[in-house]
Amino acid sequence: MKVMLLGATGLTGGQVLEGLLAREDVSSVVAPVRRALPLNHEKLHQQEVDFDRLDEHSDLFAVDAIVCCLGTTIKKAGSREQFRKVDYGYPMKAAELGRANGAQVFVLMSAIASSSSSTVFYNRVKGELEDGIKSLGYPCLSIYQPSLLLGERNEQRTAEALGIKAMPLINRALIGPLEKFRGIEAVTVARAMVNEVSALAQQTPAQSTVRIHEYADIVALAAKDATP
């Protein structure tokens, strides 16, 4: 199968890329990027693009499945408007182009507590994106809603760094209905995504299906046999 990966340079996206390239059932990975990745692989097809002009690269979206790990922070984006462009505008346009070109599967990295009716701007934007992609009618749509992602980032995020240090203790206290708020390793999320996208690409559901994955689901999907 042919898979597009959006956000290949990020914490989770980088792990997803490694996983997809290692699978025998993935024939090629299409990665639209702002700047070329320092990686050469026979399956990897990089394309430097202007994400504000994705329409000009519509042919790239003729794939079987799309995995979207695009995301930023308001601080890094510089404003709410720029944040919304990266976390809503780009993924939504990619989802539209993918569907128009016949993609059957869309796997989306969202966030816990995402809701289009949330009073929290970050969560509201994530929720609006989920609603928007649901409306496109993908045969298989899978939405991941992790809490704090754990792992080594390229950039420093002070608040997250403090949270990561405290997570082992906090996680033990988050039980029952609060389990979904546990921090989770980015590599675990990536492994779950890779396992699931392969399984979904082999299915032909009679009607559109939407799956929402929180902490426990993600851990279980990551633990599944990943061969090939």
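No hydrogens, no waters, no symmetry mates; every other heavy atom, side chains included, goes into these values.
Considering only heavy atoms from C-beta on, Met4 comes within 4.5 Å of Pro32 through its side chain. By the 4.5 Å heavy-atom criterion applied to side chains, Pro146 and Ile218 are counted as neighbours. Under the 4.5 Å side-chain criterion, counting only non-hydrogen atoms from C-beta, Cys69 is in contact with Met193.
Salt-bridge formation is not detected for the pair Asp217/Arg211: no Lys NZ or Arg NE/NH1/NH2 atom is positioned less than 4.0 Å from an Asp or Glu carboxylate oxygen. Salt bridge Glu56/Arg53: present, at least one basic N to carboxylate O contact under 4.0 Å.
Atom CG of Asp50 is surrounded by more than 12 heavy atoms from other residues, nucleotides or ligands within 6.0 Å.
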Donor-acceptor pairs are to be reported for all side-chain atoms of residues 110-119 against protein atoms at under 3.5 Å, with residues two or more places apart or in another chain.
| residue | atom | partner | partner atom | Å |
| --- | --- | --- | --- | --- |
| Ser110 | OG | Glu130 | OE2 | 2.5 |
| Ser114 | OG | Ala111 | O | 3.1 |
| Ser114 | OG | Glu130 | OE2 | 2.6 |
| Ser114 | OG | Gln145 | NE2 | 3.1 |
| Ser115 | OG | Ser117 | N | 3.2 |
| Ser115 | OG | Ser117 | OG | 3.0 |
| Ser116 | OG | Asp131 | OD2 | 2.8 |
| Ser118 | OG | Val120 | N | 3.0 |

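Evaluation of the ring pair (Phe, Tyr, Trp, His ring centres under 6.0 Å) rule for Phe83 yields Phe121, Tyr122 as partners, not counting sequence neighbours. A search for salt bridge (Lys or Arg N to Asp or Glu O under 4.0 Å) contacts involving Glu185 returns nothing, not counting sequence neighbours.
Asn101 places a side-chain N or O within 3.5 Å of a backbone atom of Ser58 that can act as its donor or acceptor partner. Not one N or O on the side chain of Gln15 forms a donor-acceptor pair closer than 3.5 Å with the backbone of Arg191. A donor-acceptor distance shorter than 3.5 angstrom exists from the side chain of Gln46 to the backbone of Leu39, with no hydrogens or angles considered.
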*Starting from the C-alpha separation in whole Å, work towards a yes-or-no answer on side chain to side chain donor-acceptor pair (under 3.5 Å) for Asp87 and Thr72.*
CA-CA 7 Å; Asp87 277 57; Thr72 187; 5.4 Å; no
